[in-house]
There are 2 protein chains.
Amino acid sequence: MSQTQLNEALDSLKDTGVRITPQRHAILEYLIDSMSHPTADDIYKALEGKFPNMSVATVYNNLRVFREVGLIKELTYGDSSSRFDFVTTNHYHVICQNCGKIVDFHYPGLDEVEHLATHVTGFKISHHRMEIYGECPDCSAKEAH
Amino acid sequence: MSQTQLNEALDSLKDTGVRITPQRHAILEYLIDSMSHPTADDIYKALEGKFPNMSVATVYNNLRVFREVGLIKELTYGDSSSRFDFVTTNHYHVICQNCGKIVDFHYPGLDEVEHLATHVTGFKISHHRMEIYGECPDCSAKEAH
DNA sequence: TCTTAAATTGTAATGTTTATAAATAGTCTA
DNA sequence: TAGACTATTTATAAACATTACAATTTAAGA
């Protein structure tokens, strides 16, 4: 795991005056380690062993805190529940419409889109998000069988 | 209103073997006319006068049908409920993070992104979505007061 | 160690969306 | 046009994710 990322995250929490609780430590650690994009429930279930008494509300509360501090991004796809992604470098996501697999896709940020949007709409643009949808190689292979 | 769009939509429903009911007609008409991006509940409330007995389930059912036929797009932003958009030309959305206003932003489709994603990930890409976030002029003006 | 405000917990409540079964109504055929 | 078949609507209940709340616990600074 990336101890550096975790420490940096903890520091930035301290700087914002957010207390470091064992639960927060564990949730952050899980978000950094898991190469997936877990839902709140995924996190809750994954930490059940370590924190048998942890409440679902704690997971949600802290995910909100982390989001407000800018440590994580909330991804809302079509499905019922949000997914959470630890913020590292700028990247987009490619999503398999068949099995739901999410693959990181590094691509230079589309700054020119934001600039044009500023001109056309008069908005003060802060950021954008993009997702790319398709079928992953595994699913394509299975289909061909 | 665009009678043409409505008729084309009704035709493409007929072609797929979907029955034209008064409720479907009204929901489609509302989606085409409303320049906003309504939620299922918005639609339900808007048609209450015309169809006092219409069920919420009918709205949801038909929005799913329309989506499957490709007439509308379902947009899942951060908020609690999905929004629905009648598909016309390719455009993206600029969203005000303060008041929630959604403005259409016409921009040539980012085909090269899809191509690169194909190469890098091996996915069979079908489409992508992008949203741009910021603060609308009205909200900026109010803040400055 | 003590104090205090913040965080956690457990539970109830909210709100959106789906499932289900009975009633209704389009559309096709004769 | 009438009748039959099946899709659709309705009403309601259920599922599900997320939030609100009050009581308890705890992190962190003095």
message: Is it true that B:Asn7 and B:Thr4 share a donor-acceptor pair across their side chains at a distance under 3.5 Å?
response: no

statement: Here the pair of heavy atoms bringing B:Cys99 nearest to B:Cys136 is SG-SG, 3.8 Å

- request: Answer with yes or no after comparing the ring centroid distance for A:Phe86 and A:His37 against a 6.0 Å cut-off, counting only values under it.
  value: no

- request: Can you tell me the distance, in whole Å, between the NE2 atom of B:His25 and the P atom of C:dT27?
  value: 12 Å

query: Looking at C:dG10, does its base get a donor-acceptor pair with the side chain of A:Ser55 below 3.5 Å?
result: yes

query: Of A:Asp41 and B:Val56, whose nearest nucleotide on DNA chain D comes first from the 5' end?
result: B:Val56

message: Between C1' on C:dT16 and NZ on B:Lys45, what's the gap in Å once rounded to a whole number?
response: 12 Å

- prompt: Rounded to whole angstrom units, what separation is found between the CE atom of B:Met54 and the C1' atom of C:dA23?
  reply: 18 Å

query: Just how far, in rounded Å, is C1' of C:dA7 from CG of A:Asn53?
result: 15 Å

- prompt: Start at the 5' end of DNA chain C and walk down; is the nucleotide closest to B:Tyr60 or to A:Asn62 reached first?
  reply: A:Asn62

message: Any donor-acceptor pair under 3.5 Å linking the side-chain atoms of B:Tyr92 with those of B:His128?
response: yes

- prompt: For residues A:Thr58 and A:Gln23, is any side-chain donor paired with an opposing acceptor at under 3.5 Å?
  reply: no

message: If you compare all heavy atoms of B:Ile32 against all heavy atoms of B:Gln5, which two are closest, and at what distance to 0.1 Å?
response: CG2-OE1, 3.4 Å

statement: Assert: residue with more 5' nearest nucleotide on DNA chain D, out of B:Arg19 and A:Gln23, is B:Arg19

Comparing B:Pro22 and A:Val65 on DNA chain C - which has the more 5′ nearest nucleotide: A:Val65

message: Side-chain N or O of B:Ser80 versus OP1/OP2 of C:dG15: is the shortest distance under 4.0 Å?
response: no

statement: In whole angstroms, the gap separating P of C:dA25 from CZ of B:Arg24 amounts to 15 Å

query: Between atom CG in B:Leu63 and atom C1' in C:dT18, what is the gap in whole Å?
result: 13 Å

- prompt: Which part of the nucleic acid, if any, lies within contact of B:Pro52, taking any heavy atom under 4.0 Å across all strands shown: a base, the sugar-phosphate backbone alone, or nothing?
  reply: nothing

message: Going 5' to 3' along DNA chain D, between which two nucleotides do contacts with chain A fall, using a heavy-atom cut-off of 4.0 Å?
response: D:dA17 to D:dA28

query: Within this structure, what is the NZ-to-C1' distance between A:Lys14 and C:dA7, rounded to whole angstrom?
result: 17 Å

- prompt: In terms of side-chain heavy atoms, does A:His93 have a donor or acceptor partner in A:Asp85 at a distance below 3.5 Å?
  reply: yes

message: Heavy atoms only, 4.0 Å cut-off, all strands: where does A:Ser81 land among base, sugar-phosphate and nothing?
response: sugar-phosphate

